[in-house]
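See structure below.
Heads up: numbering here begins at 1 and tracks the sequence.
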Amino acid sequence: MIINKKIVFLGYMGSGKSAIAKLISKKLDLINVDLDNYIEKKENKSIRNIFKISGDLYFRKIENKYLKDLLNSDNNKIISLGGGTPCYSDNIELIIESKCIIFYLRANVDTLADRLFNERDKRPLISRIKSKKDLKTFISKHLFERNQFYLKSNFIIDVDKKTENEITNECISLLS
Ligand code: S3P
């Protein structure tokens, strides 16, 4: 299969963007770049430390800058975004204008809360939430705000109760 465009994965934290992008890149023999990893390498700091030391506004500024780097780069590649990337600055417009194929990995609140609860420490936006009930309330509100951006994707893939292999095959079948 020959893909002449960049492929972008977006969705909430814990929706599986990085994992699925990695699997598809292997199957299609495409370069895979995870925007969070790219930012960490360029800034020589973890995402957690960037938030802690420089704050969220700084993070959103460099996220926009490094997203542009990737969208303007030559090679066709698979890019997995951070959960907030499409929702800030002109990012979603930039992605659409770049004629990327955009997949939204859509997970429901229960799936996300189950996956994220024990990983809160690593994630600055939810690190202070104490109980699963509060996490669910937070995710519900946050998803409601973010969905308007996520829904601009070309393809929406429901990921609840599916294996990584099933999701990967579903995405690849939509590319052919
Ligand atoms: C964020 C999601 C994170 C990371 C940052 C902010 C968000 O990426 O970019 O902590 O605003 O949802 P993942 O979705 O890969 O965890």
TODO: Give a yes or no answer on whether the side chain of N147 reaches the backbone of F144 with a donor-acceptor pair at less than 3.5 Å.
DONE: no
Task: Test side-chain contact (heavy atoms from CB on, under 4.5 Å) applied to S25 and I31, step by step - done: CA-CA 6 Å; S25 75; I31 296 167; over 6 Å; no
Task: Atom pair SG (C87) and NE2 (H142), whose distance is rounded to the nearest 0.5 Å - done: 7.0 Å
Open item on the list: So that I can tick it off, tell me whether K132 and D114 are bridged by a salt bridge, with the cut-off set at under 4.0 angstrom between side-chain N and carboxylate O.
Closed with: yes
Task: Y38 reachable from L94 in the ILVMFWY side-chain graph, under 4.5 Å edges - done: yes
Open item on the list: For D29, is the CG atom crowded, meaning more than 12 foreign heavy atoms sit under 6.0 Å from it?
Closed with: no
- [ ] Give a yes or no on whether I156 and L112 share a hydrophobic cluster (residues Ile, Leu, Val, Met, Phe, Trp, Tyr; joining criterion: side-chain heavy atoms under 4.5 Å apart).
- [x] yes
- [ ] For Y58 and E43, test the side chains for any donor-to-acceptor distance below 3.5 angstrom and give the result as yes or no.
- [x] yes
TODO: List the steps, then state whether side chain to side chain donor-acceptor pair (under 3.5 Å) holds for K27 with N169.
DONE: CA-CA 10 Å; K27 287 207 177 184; N169 290 339; 3.1 Å; yes
Open item on the list: Using a 3.5 Å distance criterion without hydrogens, assess whether the side chain of K5 forms a donor-acceptor pair with backbone atoms of S98.
Closed with: no
TODO: Kindly work out whether a path of hydrophobic side-chain contacts (I/L/V/M/F/W/Y, heavy atoms less than 4.5 Å apart) joins I78 to I101.
DONE: yes
Task: Residues which pass side-chain contact (heavy atoms from CB on, under 4.5 Å) with K122, listed by chain and number, not counting sequence neighbours - done: E119
Open item on the list: Whether the side chain of R48 engages the backbone of P124 through a donor-acceptor N/O pair (distance < 3.5 Å, no angle test) should be reported.
Closed with: no
Task: Reported NZ-to-NZ distance for the pair K42 and K65, which is rounded to 0.5 angstrom - done: 8.5 Å
Task: Flag for E63-T85: side-chain donor and acceptor within less than 3.5 Å - done: yes
Task: ILVMFWY network linking I62 to I95, side-chain heavy atoms under 4.5 angstrom - done: yes
Task: Where S18 and D34 come nearest, the two heavy atoms and their spacing - done: OG-OD1, 2.8 Å
- [ ] Check for a donor-acceptor pair, side chain of N49 on one end and backbone N or O of K45 on the other, with a separation under 3.5 Å.
- [x] no
- [ ] Answer whether the closest heavy-atom distance between the side chains of I102 and F155 falls below 4.5 Å.
- [x] no
Open item on the list: Please find the pair of heavy atoms, one from C100 and one from N154, that lie closest to each other, and give the distance.
Closed with: O-OD1, 3.4 Å
Open item on the list: Tell me the closest heavy-atom pair linking L71 and K6, and the distance in Å.
Closed with: O-NZ, 3.4 Å
TODO: Would you mind reporting whether N64 and D90 have side-chain heavy atoms less than 4.5 Å apart?
DONE: yes
- [ ] Could you point out which residue of T111, L105, N108, L116 forms a side chain to side chain contact (heavy atoms under 4.5 Å, CB included) with Y12?
- [x] L116
Task: ring-ring contact (aromatic ring centres under 6.0 Å, His included), paired with Y104, selected from F149, F9, Y150 - done: Y150
Open item on the list: Test your reading of the model: is there a side-chain donor-acceptor pair from R120 to the backbone of F117, 3.5 Å cut-off?
Closed with: yes
Open item on the list: Count I, L, V, M, F, W, Y as connected when their side-chain heavy atoms are under 4.5 Å apart, and connections chain through other members. Are L174 and I96 then in the same cluster?
Closed with: no
Task: Interatomic distance, L30 atom CG to I24 atom CD1 [nearest 0.5 angstrom] - done: 10.0 Å
TODO: Evaluate the side-chain proximity of I39 to I47: yes if any heavy-atom separation is below 4.5 Å, no if none is.
DONE: yes
Task: I20 side chain reached by I167 side chain, heavy atoms, under 4.5 Å - done: yes
TODO: State the CG-CG distance between L67 and N91, to the nearest 0.5 angstrom.
DONE: 5.0 Å
Open item on the list: Looking at K162, I want to see if its NZ is surrounded by more than 12 non-hydrogen atoms of other residues, nucleotides or ligands under 6.0 Å.
Closed with: yes
- [ ] Search all heavy atoms of A19 against all heavy atoms of E164 and return the closest pair with its distance.
- [x] CB-OE2, 3.4 Å
Open item on the list: Quick check on K26: does its NZ atom have over 12 non-hydrogen neighbours (other residues, nucleotides or ligands) under 6.0 Å away?
Closed with: no
Task: Considering all heavy atoms, the nearest K77-L70 contact - done: NZ-O, 4.4 Å
Open item on the list: Once rounded to the nearest 0.5 Å, what's the spacing between atom CZ of R106 and atom CG of L10?
Closed with: 12.0 Å
- [ ] Mind listing the closest non-hydrogen atom pair of V159 and S15 along with its distance?
- [x] CG2-O, 4.0 Å
- [ ] Decide whether N37 and K41 meet the rule of one side-chain donor and one side-chain acceptor closer than 3.5 Å.
- [x] no
TODO: May I ask you to test the L125-F51 pair for a side-chain heavy-atom distance under 4.5 Å?
DONE: yes
Task: Distance in Å, L35 CG paired with E40 CD, rounded so as to fall on 0.5 Å steps - done: 10.0 Å
